[in-house]
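Only one structure is covered here, and it is reproduced in the block below.
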Amino acid sequence: MLDTAYLRDNLELVRGALNRRGVDLSTELEQVLALEVQRRQMLPKLEGLKREQNATAAEVARARSQGQDTTTLQQSSRQRAEEIKRLSVELEKIEQERTRGLLTLPNLPHESVPTGAKASDNVEVRRYGKPRTFTFTPQAHWDLGPALEIIDFERASKISGARFSVLKGAGAQLARALINFMLHLHTTEHGYTEIEPPFMVNSAALTGTGNLPKFETDLFKISGDWDLYLVPTAEVPLTNLHRDETLHGKQLPIRYTAYTPCFRSEAGSYGADVRGLIRQHQFDKVELMVFTQPKDSYDELERLTANAEEVLKRLELPYRTMVLCSADMGFAAAKTYDIEVWLPSQSCYREISSCSNTEAFQARRANIKHRPEGGRKSEFVHTLNGSGLAVGRTLIAILENYQEADGSIIVPEALRPFMDGRTVIQSQ
RNA sequence: GGAGGGAUGGCCGAGCGGUUGAAGGCGGCGGUCUUGAAAACCGUUAGCGGGGAAACUCGCUCUGGGGUUCGAAUCCCCAUCCCUCCGCCA
């Protein structure tokens with residue numbers, strides 16, 4: 001959510017920033033502005049009436065204690081009460097609409113974000129490792145997995161449908177090892193506290209992160225008389241951990257990591273990545289999440305991104321890091337780095353992590369503040385999140401990058417302690 | 001699923017129609033005393049939104065929403081959450 005005071009004072013800046021996103025939001029913006037003007041006209045009027053009403057009530061009490069007649073006072077007060085009632089109803093309607101409008105406006109891109117119109121305008125900022133040269137034609141994971149009997153797509157579709165998968169034997173073990181490896185790295189070396197959150201969240205939590213009200217169709221909602229959705233990412237429960245709280249300045253930064261499954265409807269992605277594990281309705285992810293003071297948030301974004309990249313370095317997987325252009329960023333983000341891992345079968349880099357600074361956008365929605373040390377006034381924190389990493393896609397990258405001519409998979413060294421010392425995955 | 005009991009400031013806890021934004025305690029902050037500290041004592045200490053350069057000032061807030069009333073933390077209704085007991089249960 002954008003700050004209305006900032007919006008009023010920097011209208012042209014806001015217009016320009018929103019335009020950079022490549023969608024025309026001027027109608028929504030004008031509507032919010034008009035409602036804001038109305039609100040600021042009505043508020044003083046209403047407060048004046050309330051002040052009079054309070055004074056009258058005190059007067060009644062005083063007159064009574066002196067045994068005086070109060071019927072005239074009470075009469076005028078009763079009339080004023082009606083007027084107050086009428087005005088508050090009107091004001092509430094205006095505020096509701098204003099908030100609704102505000103909730104549908106995306107975050108403003110940071111000034112360091114390159115302007116662009118599409119994904120191909122994203123800018124590479126660094127690259128790690130060299131894609132391996134194969135002496136044979138590398139297979140895709142959707143061939144390798146079933147051949148090794150560690151991924152089963154057919155049985156998954158029997159029990160759940162398309163875009164689901166079953167991991168079996170060494171495949172299941174590999175996924176579990178990846179989760180443990182990532183959590184171990186982030187908790188012992190990167191300073192994150194591990195959280196196991198609920199895997200279902202309510203609509204208030206989803207509004208806090210920006211998934212609602214605009215993107216309900218991306219979510220799986222629990223049917224029946226429940227205000228619950230399956231988590232699309234651990235970002236939602238982690239960010240909302242401190243909803244409606246004022247944190248102490250010295251507590252910050254707070255760093256959380258969590259493993260959760262993630263559930264996404266993938267509405268509108270028909271035909272895209274239909275094969276394999278790339279785009280599933282359910283996938284595992286280890287998430288990184290930071291609450292920080294505003295002045296530190298861009299340093300923290302670099303740190304968090306480096307923490308995610310470290311996973312790939314340890315696994316010796318080639319990757320590149322992109323800064324997303326203004327049009328390719330998510331709704332809540334002010335700046336986003338995507339980390340893309342090399343997939344030999346596709347001869348290209350594919351997204352495996354997305355690390356964002358949302359600045360105060362989510363904090364304002366979720367009402368998460370902090371009181372700076374020594375400072376009097378509380379202010380909103382900045383929140384950051386990133387995948388550290390998507391487990392399914394990491395598993396794909398390992399299968400494809402570590403495959404041998406015979407279809408077996410070498411287990412990356414860093415992972416072996418988490419795989420009971422196993423060094424290779426081959427068919428039985 | 002059934003039967004009860006709760007929700008008050010950072011925390012504990014009083015208040016149960018009229019200067020109560022809220023006693024008291026704890027905690028925090030400042031001071032006196034002390035070589036320093038502790039103890040003791042004194043003082044101070046909620047948030048949010050308007051207006052104002054500021055001093056300050058107005059409004060809202062006792063889980064949330066609605067109602068009664070000139071006036072609600074206090075009375076009534078609804079919701080949410082928590083607790084206890086019973087049933088069921090990984």
- Item | Side chain A:His110, main chain A:Ser112, donor-acceptor under 3.5 Å |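 Yes, the answer is positive, given that a donor and an acceptor are paired below the 3.5 Å cut-off.
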- Query: Taking the six-membered ring for Trp, are the ring centroids of A:Phe263 and A:Phe199 within less than 6.0 Å of each other?
  - Reply: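 No; A:Phe199 has its ring centre 6.0 Å or more from that of A:Phe263.
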Which nucleotide, in any strand shown, forms a Watson-Crick or G-U wobble pair with [N], with both distances under 3.5 Å?
N: B:A55; result: none
N: B:C70; result: B:G18
N: B:C29; result: B:G43
N: B:A3; result: B:U84

- Query: Roughly how far apart are A:Gln280 CD and A:Glu266 CD, rounded to 0.5 Å?
  - Reply: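 If we round to the nearest 0.5 Å, A:Gln280:CD and A:Glu266:CD are 9.5 Å apart.
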- Task: State the CZ-CG distance between A:Arg86 and A:Leu49, to the nearest 0.5 angstrom.
- Result: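 A:Arg86 CZ to A:Leu49 CG: 9.5 Å, rounded to 0.5 Å.
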- Message: Closest-nucleotide mapping onto RNA chain B: is A:Gln74 or A:Ala61 further toward the 5' terminus? I mean the 5' end.
- Response: A:Ala61
- Query: Do other residues, nucleotides or ligands put more than 12 heavy atoms under 6.0 Å from A:Lys158 NZ?
  - Reply: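 Not buried by this count: 12 neighbours or fewer within 6.0 Å.
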Enumerate donor-acceptor pairs with a distance under 3.5 Å from any side-chain N or O in residues 139-150 of chain A to protein atoms, sequence neighbours excluded.
unit_1   : atom_1 : unit_2   : atom_2 : d
A:His141 : ND1    : A:Glu400 : OE2    : 3.2
A:His141 : NE2    : A:Leu277 : N      : 2.8

- Residue A:Val60, side-chain heavy atoms: nucleotide from B:G66, B:C70, B:G50 that is nearest: B:C70
- Message: Among B:G67, B:G50, B:G71, which nucleotide has an atom closest to any side-chain atom of A:Lys85?
- Response: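 My answer, after comparing the listed nucleotides, is B:G67.
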- Polar side-chain contact A:Arg62-B:G18 base: donor and acceptor under 3.5 Å: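 No, no donor-acceptor pair under 3.5 Å.
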Could you pull out the protein-nucleic contacts involving nucleotides 73-78 of chain B (nitrogen or oxygen on both sides, under 3.5 Å)?
none

